[in-house]
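From a predicted model like this one, the values you see are computed outputs, not experimental measurements. Counting convention: from 1, in listed order, for ligands and their atoms alike.
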Amino acid sequence: MERKYLIVGNWKMNKTPSQSEDLVKKIIDLKTRHGISAHVTIAICPPFTSLDRCAEWLKNTDIAIGAQNLYFEKEGAFTGEISASMLKDLRLTYVIIGHSERRAIFHETDEQIHQKVKIAQASQLIPILCVGETLDERESNRTLTVIETQISHVLEGLTNTNLVIAYEPVWAIGTGKTATPEMAQKVHQFIRELLQKQFGKGSQIIPILYGGSMKPDNAADLLTQPDIDGGLIGGASLVAESFMDIVATKGLSPLDSRKES
Ligand code: PGA
C-alpha cells in the first residue's frame with residue numbers, strides 16, 4: 001500500500017455542532033471540486049460534541065476523522081472524561097494525544113500520555129502523538145534532548161507502529177511564527193532515527209507531521225522536505241478554503257519514491 005501524505009485539521013475548542021457541519025460540508029464540496037492528489041490523506045479533528053455529526057457527513061467519503069484527546073481508563077467514575085471505546089464506536093480513525101496545550105494548560109505528563117497512546121492503540125485508534133520544544137528550550141539548545149525525552153518516555157516498551165508523530169514546536173503554535181523548513185527537517189530526521197532505533201524497519205510507515213502555523217503559503221516548502229510527511233493544522237483548518245489549499249499543495253510526489261531518491 002502506498003504511503004501517503006497526511007494533512008490533519010485540529011479544530012481545537014472551536015465550532016459548535018452546527019458550525020462544524022457547515023465547515024465539514026464545505027471541505028467535502030471543495031474536495032470534490034478540486035481534484036486532490038491521490039498522494040494525500042485528509043483528516044479532521046473536531047471537538048467531541050461535533051464528532052458524531054461530522055462522522056455521519058464523512059461516512060461515504062475518504063476523509064478521515066479523529067478526536068483531540070481521550071482518557072486512558074477503560075470506563076468508570078471519571079466525570080467529564082471520554083474513553084477510547086466511546087471514540088471507536090463513532091468510527092473514528094485518529095486521536096490526537098499529548099498536544100502541547102494539554103501538556104501546558106492541563107498538566108498532562110509523559111506517563112499519562114504513554115497510557116493514552118497505549119489504550120488508543122489497543123482500541124484500534126491511531127494516536128497522533130505530539131512532541132515539541134518551548135522557545136526557552138530551543139534557545140538553550142535543548143531541542144533534540146527534549147524531543148528524545150518525550151518520545152522515549154511516551155513510547156517506552158511499545159511495539160505497535162500504528163502511530164503518527166506530530167512535531168510541533170510550542171513557540172510556533174498559533175503564533176504565526178513557523179519553523180524554517182531546515183529547522184523542521186532537522187528535527188524530523190532526528191525523530192525518524194529515534195523511531196528506527198525503537199521499531200526497526202517497521203518505523204518507515206510512521207508518518208511524521210509538522211505543526212505550528214502551517215498555512216497555504218508556507219506549506220509547499222515544509223512538505224517537500226525529505227522527512228516531513230504531512231501537517232497538523234490548527235488556525236488554517238478552521239476555514240475550508242485555506243485548509244483545502246494546504247491539502248492541494250502542488251509538487252508533492254509519492255512519499256515512497258521521495259525516500260528512495
Ligand atoms: P496552528 O496550530 O496551526 O494554529 O499553529 C497547530 C496545532 O496546534 O496543532
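Heavy-atom contacts of His99 reach the following atoms of ligand 1: 7 (C), 8 (O), 9 (O) (cutoff under 4.0 Å). Here is the list of ligand 1 atoms found below 4.0 Å of a heavy atom in Gly235: 1 (P), 3 (O), 4 (O). Listed by atom number, the atoms of ligand 1 under 4.0 Å from Lys12 heavy atoms are 2 (O), 7 (C), 8 (O). Which parts of ligand 1 touch Ser213 is read off a 4.0 Å heavy-atom cut-off, strictly below it: atoms 1 (P), 3 (O), 5 (O). Per-residue contacts place Gly212 under 4.0 angstrom from the following atoms of ligand 1 (heavy atoms of the residue considered): 5 (O). Interface of Leu232 with ligand 1, defined as ligand atoms under 4.0 Å from a residue heavy atom, comprises 6 (C), 9 (O).
Under the 3.5 Å distance criterion, with hydrogens and angles disregarded, a donor-acceptor pair is assigned to the side chains of Lys116 and Asn69. Side-chain contact annotation: Gln185 with Asp227, donor-acceptor N/O pair under 3.5 Å present. For the residue pair Glu168/His99, the side-chain donor-acceptor check at 3.5 Å is satisfied. Using modelled atom types and a 3.5 Å distance limit, the side chains of Thr134 and Glu137 yield a donor-acceptor pair.
Of the candidates Ile147, Val170, Thr145, Leu144, Ile147 is the only one forming a side chain to side chain contact (heavy atoms under 4.5 Å, CB included) with Glu133.
In terms of polar-atom proximity, Gly174 is counted as a contact of ligand 1, with an N or O under 3.5 Å from an N or O of the ligand.
Of the possible donor and acceptor atoms, one in the side chain of Gln19 sits under 3.5 Å from a partner among the backbone N and O of Thr16.
Between atom NZ of residue Lys118 and atom CD1 of residue Ile113 there is a gap of 14.5 Å, rounded to the nearest 0.5 Å.
At the shortest separation from atom 3 (O) of ligand 1 among protein heavy atoms lies Gly234 N, 2.9 Å. In terms of protein heavy-atom proximity, atom 9 (O) of ligand 1 is nearest to Glu168 OE2, 2.7 Å.
For Asn10, every heavy-atom contact with ligand 1 shorter than 4.0 Å involves the side chain, none the backbone. With a 4.0 Å cut-off on non-hydrogen atoms, Ala172 touches ligand 1 through its backbone and not its side chain.
The environment of CD in Glu156 is sparse: at most 12 heavy-atom neighbours from other residues, nucleotides or ligands sit within 6.0 Å.
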